[in-house]
Peer 1: 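Structure in structure tokens, see below.
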Amino acid sequence: MRRYGKHTDEDDVRVRPNRKGNRPRTNIRPKHEDAAEGMVLTVDRGRLTCLVDGRTIMAMKARELGRKAAVVGDRVGLVGDLSGNKDTLARIVRIEERSSVLRRTADDDDPYERVVVANADQLAIVTALADPEPRPRLIDRCLVAAYDGGLEPLLVLTKSDLAGPEKLLELYGALDIPYVVTSREELYGGDAADRVREHLGGRITAFVGHSGVGKTTLVNALVPEDRRRTTGHVNAVTGRGRHTTTSALALPLAGTGGSAVPEVGHEGWVVDTPGVRSFGLHHIDPSRVIHAFPDLETGTEGCPRACSHDEPDCALDEWVEQGHADPARLYSLRRLLSTRERRDGD
């Protein structure tokens, strides 16, 4: 075996050849300071459609991002071919910090958390007043997810031609949630879409709802130039609708001008999401829900440590009795906090 002395010449050193013919690996990763800013519009089997300077770009996630996934609404940095031409593919090399996250799990026993949309300002909870019947427990769960993720809720009640909204609105009156009531006739030739659009200006709004409530029909009325497949029929036996939207998609309202970030005066963005039949809250920290009730939050200062706000020693009972807040607000808070212990069909 050949041995090297202290005075080896460079030509005497053996170097193991790289059989793959590529560069050796390094832990130094490029910073991509020149990456273009974009917004993820939809995700389909590892391919992400992004908006960059008004152009639609097809991209894939760079390897250096590891397991970190980009979702609809994410603001990302892209490099590579940004022309948007057919058969071109850019790379997403950076995912910017998110201002809000709408998350859910398949059910309350499922620890796997799914991010539905990022950076949305508002969550529009679409509920039919009949056909199918409204599910208040599902609405409660969506509200908890909105409050936990930093989104402002909006109730959109559809099919008012089949049933009145009074009973459902009374249930949520203490929460002071803005709402819009629509009928099927008003969506076609009426002013229902305009009344909903008044709540969307300059914002990114995620639309979520039980299958068959008319969510996609509403989105089609708001963005007629980007019509999605219309909603399917409601099963007469189960009272449930059929999924017609299979992936989340961000659509610009008129006047957005292709901007990745809505500006003052712009109409904003609508994110249509697949219909849900359950909304698990395994990931929710109940202690964060109180932040959506500023009139009650101050009263928790006298609560015992790790108070669930629904126990005999909770300071909120005395706070409300002293007239600092409406008792209906406390009831609403406790109803929302208990949603993890109740099934959607309850």
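Everything quoted here is computed from the prediction, not taken from an experiment.
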Peer 1: Using modelled atom types only, decide if a donor and an acceptor are shared between the side chain of Q322 and the backbone of D317 within a distance under 3.5 Å.
Peer 2: no
Peer 1: Less than 4.0 Å between a side-chain N and a carboxylate O, is that true for D140 and R137?
Peer 2: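 Salt bridge present between R137 and D140.
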Peer 1: Please name all residues satisfying side chain to side chain donor-acceptor pair (under 3.5 Å) with D74, sequence neighbours left out, ordered by chain then number.
Peer 2: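 With sequence neighbours excluded, D74 shows a side chain to side chain donor-acceptor pair (under 3.5 Å) to R98, given in chain and number order.
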Peer 1: Would you say K215's side chain and T273's backbone share a donor-acceptor pair under 3.5 angstrom?
Peer 2: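 Side chain of K215 to backbone of T273: a pair is present.
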Peer 1: Quick one, T216 and N220 - any side-chain contact, counting heavy atoms below 4.5 Å?
Peer 2: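 Yes, close enough: below the 4.5 Å cut-off.
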Peer 1: Test salt bridge (charged side-chain N to carboxylate O under 4.0 Å, His left out) on R197 and D194; report intermediate values, then the result.
Peer 2: CA-CA 5 Å; R197 193 178 286 111; D194 291 335; 2.8 Å; yes
Peer 1: Looking only at atom types and distance, does a side-chain atom of K61 sit under 3.5 Å from a main-chain N or O of G66, one as donor and one as acceptor?
Peer 2: yes
Peer 1: For E97, does the CD atom sit with more than 12 other heavy atoms under 6.0 Å from it, leaving out its own atoms?
Peer 2: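 Open.
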Peer 1: May I ask you to decide if K167's main-chain N or O and E170's side chain share a donor-acceptor pair within less than 3.5 Å?
Peer 2: no
Peer 1: For E96, does the CD atom have more than 12 heavy-atom neighbours from other residues, nucleotides or ligands under 6.0 Å away?
Peer 2: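 More than 12 heavy atoms, drawn from other residues, nucleotides or ligands, come within 6.0 Å of this atom.
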Peer 1: I'd like to know if the side chain of R104 reaches the main chain of V115, judged simply by a donor and an acceptor atom lying under 3.5 Å from each other, with no hydrogens or angles considered.
Peer 2: no
Peer 1: Kindly compute the distance separating CG (L129) from CG (L169), expressed to the nearest 0.5 Å.
Peer 2: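 The CG atom of L169 is 8.0 Å from CG of L129, to the nearest 0.5 Å.
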Peer 1: Could you tell me whether a side-chain N or O of R91 sits under 3.5 Å from a main-chain N or O of L78, the two making a donor and an acceptor?
Peer 2: no
Peer 1: Who pairs with S99 by side chain to side chain donor-acceptor pair (under 3.5 Å), at least two apart in sequence or on another chain?
Peer 2: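 By the side chain to side chain donor-acceptor pair (under 3.5 Å) rule, S99 matches N119.
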Peer 1: Do R55 side-chain atoms and L82 backbone N/O form a donor-acceptor pair below 3.5 Å?
Peer 2: yes
Peer 1: Check this for me: does any side-chain nitrogen of one of R329 and D326 sit under 4.0 Å from a carboxylate oxygen of the other?
Peer 2: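 No, this pair does not count.
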Peer 1: Would you tabulate the side-chain donor-acceptor contacts of residues 173-184 under 3.5 Å, counting partners in other chains and residues two or more places apart, or write 'none'?
Peer 2:
from, atom 1, to, atom 2, distance (Å)
T182, OG1, L157, O, 3.4
S183, OG, E186, N, 3.3
S183, OG, E186, OE1, 3.3
R184, NE, D161, OD2, 3.3
R184, NH2, D161, OD2, 3.2

Peer 1: Examine distances only and state if a side-chain atom of Y172 and a backbone atom of P136 form a donor-acceptor pair shorter than 3.5 Å.
Peer 2: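 Yes, because the side chain of Y172 sits within donor-acceptor range (under 3.5 Å) of the backbone of P136.
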Peer 1: Find the distance between OG1 (T88) and CG (D81) and round it off to the nearest 0.5 Å.
Peer 2: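 So the gap between those two atoms works out to 4.5 Å.
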Peer 1: Say whether, by atom type as modelled, one donor and one acceptor occur between the side chain of K159 and the main chain of D131 under 3.5 angstrom.
Peer 2: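 Pair found, side chain donor or acceptor close to backbone of D131.
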Peer 1: Name the one of L222, V126, T205 that satisfies side chain to side chain contact (heavy atoms under 4.5 Å, CB included) with V196?
Peer 2: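 Result: among L222, V126, T205, L222 is the only option passing the side chain to side chain contact (heavy atoms under 4.5 Å, CB included) with V196.
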